[in-house]
Student: 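Handing you a structure now.
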There are 2 protein chains.
Amino acid sequence: MIRKKSGHLRKPAVAAAARRSPCPVACALDILGDRWTLLVVRDLILGHTRFRDFIASPEGIPTNILSERLERLQRSGIIEQVPAQDGTKRLAYGLTGKGKALQPLLVALRDWGLEWEKGTRVGISNDEFRSSYGIGK
Amino acid sequence: MIRKKSGHLRKPAVAAAARRSPCPVACALDILGDRWTLLVVRDLILGHTRFRDFIASPEGIPTNILSERLERLQRSGIIEQVPAQDGTKRLAYGLTGKGKALQPLLVALRDWGLEWEKGTRVGISNDEFRSSYGIGK
DNA sequence: TAATAATACTTGCATAATGCAAGTAAAATG
DNA sequence: CATTTTACTTGCATTATGCAAGTATTATTA
């Protein structure tokens, strides 16, 4: 809903006309700027695709939050729902081109976190992490 | 406050013991994961230092939010308060080394936004933007 | 020197988002 | 066919957001 004061939005806008700013950083944050969204993208980059996979990550995302974030990421064209690859009728999620383009952002976040947040570590080696991100091919 | 379920935090943790995850991305998002914090860092990178400067950015950040974010960024060691450089008794803000290390993240956000959020643009040329970021020196 | 303006916040409050816990429904499994 | 698993939805208490107005200090102007 657009509020009275220019630029103030309660729901992140998609259309340019409803944007709080012409700045690409601000517009990116309207989609990505919360504690959970980029973690869902991280898990997809790491190869996880199923609702149960996201829940199993160490942060313990609440299921109503996960559901809401998956819905928003789909509406933003960053992920898509696809048939699960295990022969069942279940659905899985995948990154679109727009979503895969978030890799440099995740790498920068991870690198900053490793350097400046003591005690943090990735679950896999840096080489494996980079390999799964398609870096250094 | 640490909640009952493991990993659920209402206030972003600083100490490792209170983290929701060992993942550097998750820990970085505990500090940076909202719509306003990285915009404050953007403005500092662009050379703005004063409270009135942040307010003047196109997004129109509410003053209570700005105040709160500046306080949190200081507590996280990302920015510091310094005397204003205009000979008055007013104070200004500056990035620490930890804060300056966020440049690659801002560049990745901006580049993603420019590519995938149609109609967004930076206020200055890419060369000027990169120059002010110290990239390509 | 006093009045006015600018700056840097704080406060009150309504609304929205978050997140816990429990629940539901469909699909899968044994 | 019964049970389990998976993918959500719902209710509600708490927290965060953000508008508008206000306060206090500092700077500027007349």
Side-chain angles (χ1 to χ4, degrees), chain A residues 1-13 20-21 26 29-40 43 48-57 59-74 79 81-93, chain B residues 1-13 20-21 26 29-40 43-44 48-57 59-74 79 81-94:
Chain A
M1 176 187 67
I2 298 173
R3 299 296 287 256
K4 295 183 180 62
K5 183 73 172 295
S6 66
H8 287 173
L9 296 166
R10 291 309 266 262
K11 286 200 176 294
R20 63 171 168 161
S21 167
L29 290 173
D30 285 341
I31 300 168
L32 305 169
D34 67 274
R35 292 166 69 240
W36 295 108
T37 301
L38 285 176
L39 290 189
V40 174
D43 287 351
H48 302 302
T49 61
R50 303 287 290 266
F51 198 96
R52 69 187 177 200
D53 296 337
F54 304 118
I55 292 170
S57 288
E59 298 83 16
I61 186 172
T63 51
N64 57 317
I65 298 288
L66 174 57
S67 173
E68 197 279 331
R69 297 299 188 269
L70 288 169
E71 179 61 32
R72 276 175 58 201
L73 283 166
Q74 288 185 78
I79 70 174
Q81 232 180 14
V82 295
Q85 289 297 303
D86 56 1
T88 68
K89 295 175 67 178
R90 299 283 187 189
L91 293 171
Y93 297 90
Chain B
M1 176 186 67
I2 298 173
R3 300 296 288 257
K4 295 186 179 57
K5 183 72 173 296
S6 66
H8 288 173
L9 297 165
R10 289 312 261 266
K11 287 201 177 292
R20 62 171 167 161
S21 167
L29 290 173
D30 285 339
I31 300 170
L32 305 169
D34 67 275
R35 290 166 70 240
W36 295 107
T37 300
L38 284 176
L39 290 189
V40 174
D43 287 352
L44 285 160
H48 301 303
T49 61
R50 304 286 290 268
F51 199 95
R52 71 187 174 199
D53 295 336
F54 303 117
I55 293 171
S57 287
E59 298 83 16
I61 186 171
T63 51
N64 57 316
I65 298 289
L66 174 55
S67 173
E68 198 279 333
R69 296 297 188 270
L70 289 169
E71 178 62 31
R72 275 174 61 200
L73 284 166
Q74 287 184 81
I79 71 173
Q81 233 180 12
V82 295
Q85 288 297 303
D86 55 1
T88 69
K89 293 174 69 178
R90 298 286 186 187
L91 293 170
Y93 296 91

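Letters A, B, ... are given to chains in the order of the sequence lines, protein chains preceding strands, and every chain is numbered from 1.
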Student: Would you kindly give the CD1-to-C1' distance between B/Ile65 and C/dA16, to the nearest whole Å?
Tutor: 12 Å
Student: Going by salt bridge (Lys or Arg N to Asp or Glu O under 4.0 Å), name the residues that satisfy it together with B/Arg90, two or more places apart in sequence or in a different chain.
Tutor: none
Student: Is A/Trp36 near enough to C/dG19 that one of its side-chain N or O atoms lies under 4.0 angstrom from OP1 or OP2?
Tutor: yes
Student: Do B/Val40 and B/Leu70 touch side chain to side chain, with heavy atoms closer than 4.5 Å?
Tutor: yes
Student: Return the value, rounded to whole Å, for the distance between atom CZ of B/Arg35 and atom P of D/dT17.
Tutor: 10 Å
Student: Atom CG of B/Leu66 to atom C1' of D/dT17: distance rounded to whole Å?
Tutor: 14 Å
Student: Please write out the pairs of protein N or O atoms and N or O atoms of nucleotides 8-12 of chain D separated by less than 3.5 Å, giving the distance to one decimal.
Tutor:
unit_1	atom_1	unit_2	atom_2	d
D/dC8	OP2	A/Tyr93	OH	2.7
D/dT9	OP2	A/Ser67	OG	2.9
D/dT9	O4	A/Thr63	OG1	2.9

Student: Can you see if the side chain of B/Arg69 gets near the phosphate of D/dT17 - specifically, an N or O under 4.0 Å from OP1 or OP2?
Tutor: yes
Student: In whole angstrom, what separates A/Ile61's CD1 from D/dT6's C1'?
Tutor: 16 Å
Student: What's the closest nucleotide to the B/Arg50 side chain, out of C/dA8, C/dT18, D/dA7?
Tutor: C/dA8
Student: With sequence neighbours left out, what residues match B/Asn64 under side chain to side chain contact (heavy atoms under 4.5 Å, CB included)?
Tutor: B/Pro62
Student: Tell me, please, which residues at least two apart from A/Gln74 pass side chain to side chain contact (heavy atoms under 4.5 Å, CB included).
Tutor: A/Glu71, A/Ile79, A/Gln81, A/Tyr93
Student: Please give, in whole Å, the distance from C/dT18 C1' to A/Arg72 CZ?
Tutor: 12 Å
Student: Rounded to whole angstrom units, what separation is found between the CG atom of B/Asp30 and the P atom of D/dA16?
Tutor: 13 Å
Student: How close do B/Arg72 and B/Asp34 get, heavy atom to heavy atom, and via which atoms?
Tutor: NH1-OD1, 4.3 Å
Student: According to side-chain hydrogen bond (donor to acceptor under 3.5 Å, both in side chains), who are the partners of B/Thr88, at least two apart in sequence or on a separate chain?
Tutor: B/Asp86
Student: Going by the rule side chain to side chain contact (heavy atoms under 4.5 Å, CB included), which residues pair with B/Ile55 if we only count those two or more places apart in sequence or in a different chain?
Tutor: B/Phe51, B/Thr63, B/Leu66
Student: Mind checking what makes salt bridge (Lys or Arg N to Asp or Glu O under 4.0 Å) contact with A/Asp43, not counting sequence neighbours?
Tutor: none
Student: Could you grab the distance from atom CH2 of A/Trp36 to atom OG of A/Ser57, nearest 0.5 Å is fine?
Tutor: 9.5 Å
Student: Given atom CZ of B/Phe54 and atom P of C/dC9, what is their separation to the nearest angstrom?
Tutor: 10 Å
Student: Which letters describe nucleotides 23-30 of chain D, given B = protein heavy atom under 4.0 Å from base, S = only from sugar-phosphate, - = neither?
Tutor: --BBS---
Student: To the nearest Å, how far apart are A/Glu59 CD and C/dT18 C1'?
Tutor: 16 Å
